Amino acid sequence: MADKTKEANKLKARLPRGLADRGPAEIAATRTMIEKIREVYERYGFEPVETPAIEYTDALGKFLPDEERPNEGVFSFQDDDEQWLSLRYDLTAPLARYVAENFDTLPKPYRSYRVGWVFRNEKPGPGRFRQFMQFDADTVGSSAPAADAEMCMMAADTMEALGVPRGSYLVKVNSRKVLDGVLESVGLGGEANSGKRLTVLRAIDKYDRLGRSGVQALLGEGRKDESGDFTRGAGLNEKQMEKVLNYVEVQLVGDLESVLKDWSREIGSSPTGQEGIRELAEFGNFVRGANYGPDRISVESSVVRGLEYYTGPVFEVELTFPTGGADGSPRFGSVGGGGRYDGLIARFRGESVPATGFSIGVSRLAAALQHLGKIDARPGPGPVVVTVFDRDRLADYQAMVARLRAAKIRAELYLGGGRMAAQLKYADKRNAPCVVIQGGEEKARGEIQIKDLIEGAKAAAAIASHQEWRESRPAQFAVAEEKLVEAVREVLARHGLRQDQPSS
RNA sequence: GCAGCUGUAGCUCAGUUGGUUAGAGCGCCUGACUGUGGAUCAGGAGGUCGGUGGUUCGAGUCCACCCAGCUGUACCA
């Protein structure tokens, strides 16, 4: 009866949805990635600055208009003084707060980078989590297109530093101003049309995925998806639709110059649009001048990005190797992005402060790299395990562990209560390269046994009977007690293992 | 959010038109081997069949609602 109560009260161990635990292999992979990205960012002259994971909600700009509560989509809670706090959902908004708060002491233009976890309270999916890691760089205080160009070149360099070969990724660039120009040219300017503008931009954003017909449906009446769900369209007329589609589809028919010329024709006299064209032209000069061709950085009409704060050029890094095929392999798509946000810091200060930035989605990119085989997902080698033969000689065994550690070899004493078989099983599970054994007989001779588990595993295949397996003690040898460190080193070297570095 | 599909042991899944005590493989634990990983053999632990309510003499199976997961779609700073 008592057991039943206990059973009923037992807490169920469960991970909240959209969140993930991370094991040694993944942590090691992330660590290497971060170091590679850091190296590129520092080479570009950015310096590290980090801000906390929690900010006041209003600093993140996440109050819905006319509402007392923060936006859904961000994790928020109230402080004891009833002020709303939120977990950051990206690294850009907190940086804007930091820059505004320290404006007078920072060098300008101010170039900084940071890496950290961000949180989004959204529906998770494969490769989409509610906590994920971003690596972000920003230049604050420069309105020069050269600053935007630099972001894109750095994005390309970063991808290659991470082992994504040229041709397997593409930095796509567009301009918010150009998009606004297109909308103006079809008569969607002004406050009254802001809702319609959003719908049109979202439709354009889907061109890659849905193709012409899908976008056409979304620009017009609406679209029905495979499950039968219906999405309302923007309700444009034929002429408007054609103009928007013309703009989208001139992409990549020629070099940058001719694309911009075509866009310019579609946009007509819209001043915002023409300004965007001029900026992109200048951007192109920098990029092409530095020999970043269309195989790395390319202007694309369908890049829209989020609608919140971007004001000029917008970028997106996409993986272009074949995924998402019929074989069910995952689609990775965008693994990073950014753009110019000239208005974000102005919210804290009277004056407008131009800024541009770029973020890599470390978590998603890690998943993609693993798929590409660029990340080794195998567990790293474990520590040398010193087994406990005689309980009352623990101090001796501990001394051996200490000697190994002093020689910078990862080592541990078996701390469980199991017998020898259990200890070896443990060592096996820990992926230990070898174990150290010293029983009464060895002690009497002043020797220790070293068992090479990697070699032993290979020998196992040839041994059929358990009797033989035990008696032959494969890959096991005796050495004098004082030769412990040398012998272990030899085993490690035999398997090409580095001794001075933890692997996971 | 909307739509479709799916929930049975740690994992992958069986479970007949509703019918005794819900099964298998893998994994896990113990032993054979009292001083040694693997293989083999023997034994064992582990399930309120996603939850609640209903129909029924009887529900893993049928019905309703809820929850969770997957897929698509919307949103994605």
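Just so you know, these numbers come straight off a predicted model, no measurement behind them. Every chain is numbered from 1, with letters handed out A, B, ... down the list of sequences. Atoms considered below: every heavy atom in the structure, side chains included; atoms not considered: hydrogens, waters and symmetry mates.
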Does A:Tyr89 lie flat on the base of B:A77, that is, centres under 5.5 Å apart and planes under 30° off? yes
Please pick, from [options], the nucleotide with the shortest atom-to-atom distance to any side-chain atom of [X].
X        : options             : value
A:Ala460 : B:A77, B:G38, B:G37 : B:G38
A:Ala421 : B:G35, B:G37, B:A77 : B:G37
A:Glu122 : B:G37, B:G1, B:A77  : B:A77
A:Lys206 : B:C75, B:A77, B:G37 : B:C75
A:Thr231 : B:A77, B:G37, B:A74 : B:A74
A:Tyr309 : B:A74, B:G35, B:A77 : B:A77

Output field: ring centroids A:Tyr41/A:Phe135 closer than 6.0 Å: yes
Could you identify the nucleotide paired to B:G4, looking across every strand shown and requiring Watson-Crick or G-U wobble geometry with both distances under 3.5 Å? B:C70
Checking base pairs now: Watson-Crick or wobble, both atom distances under 3.5 Å. What partners B:C26? B:G10
Which is true for [X] with a 4.0 Å heavy-atom rule: it touches a base, it touches only sugar-phosphate, or it touches nothing?
X        : value
A:Arg120 : base
A:Ser465 : base
A:Gly73  : base
A:Val435 : nothing
A:Gln134 : nothing
A:Gln423 : nothing
A:Tyr426 : nothing
A:Glu441 : base
A:Leu60  : nothing
A:Asp390 : nothing

Could you tell me how far [M] sits from [N] if I compare only their [atom1] atoms? Round to whole Å.
N     : M     : atom1 : value
B:A74 : B:G4  : C1'   : 15 Å
B:A3  : B:A77 : C1'   : 27 Å
B:G38 : B:C29 : P     : 9 Å
B:C13 : B:U21 : P     : 29 Å
B:C11 : B:G69 : C1'   : 16 Å
B:C33 : B:U40 : C1'   : 13 Å
B:U61 : B:G19 : C1'   : 11 Å
B:A59 : B:G50 : P     : 15 Å

I want to check one thing: is the phosphate of [N], taken as OP1 and OP2, less than 4.0 Å away from some side-chain N or O of [X]?
X        : N     : result
A:Arg232 : B:C2  : no
A:Arg209 : B:U73 : yes
A:Arg202 : B:C75 : yes

Between [atom2] on [N] and [atom1] on [X], what's the gap in Å once rounded to a whole number?
X        : N     : atom1 : atom2 : value
A:Arg88  : B:C76 : CZ    : P     : 22 Å
A:Phe132 : B:C76 : CZ    : P     : 14 Å
A:Lys429 : B:C29 : NZ    : C1'   : 10 Å
A:Leu344 : B:A77 : CG    : P     : 13 Å
A:Ile204 : B:C76 : CD1   : P     : 14 Å
A:Lys123 : B:A74 : NZ    : P     : 11 Å
A:Lys425 : B:G35 : NZ    : P     : 16 Å
A:Phe358 : B:A77 : CZ    : C1'   : 16 Å

With RNA chain B as reference, determine whether A:Asp205 or A:Pro474 sits nearer its 5' end, using the nearest nucleotide of each.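 Per heavy-atom nearest nucleotide, the more 5' residue is A:Pro474.
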Nearest-nucleotide 5' precedence on RNA chain B, A:His466 against A:Gly18: A:His466
Side-chain donor-acceptor pair under 3.5 Å between A:Tyr56 and A:Asp79, yes or no? no
A:Gln438 versus A:Arg393, side-chain donor and acceptor atoms under 3.5 Å: yes
Interatomic spacing from NZ in A:Lys483 to CD in A:Glu490 - rounded to 0.5 Å: 10.0 Å
I'd like to know if A:Arg120 pairs up with A:Asp90 as an ion pair, taking the criterion as any Lys NZ or Arg NE/NH1/NH2 lying under 4.0 Å from an Asp or Glu carboxylate oxygen. no
Only one of A:Leu60, A:Asp58, A:Asn121 passes side-chain contact (heavy atoms from CB on, under 4.5 Å) with A:Ser86; say which it is. A:Leu60
Could you report the tightest heavy-atom contact between A:Thr387 and A:Val436, atom names first, then the distance? OG1-O, 2.7 Å
Could you pull out the closest heavy-atom pair between A:Val171 and A:Ala155, with the gap in Å? CG2-CB, 4.1 Å
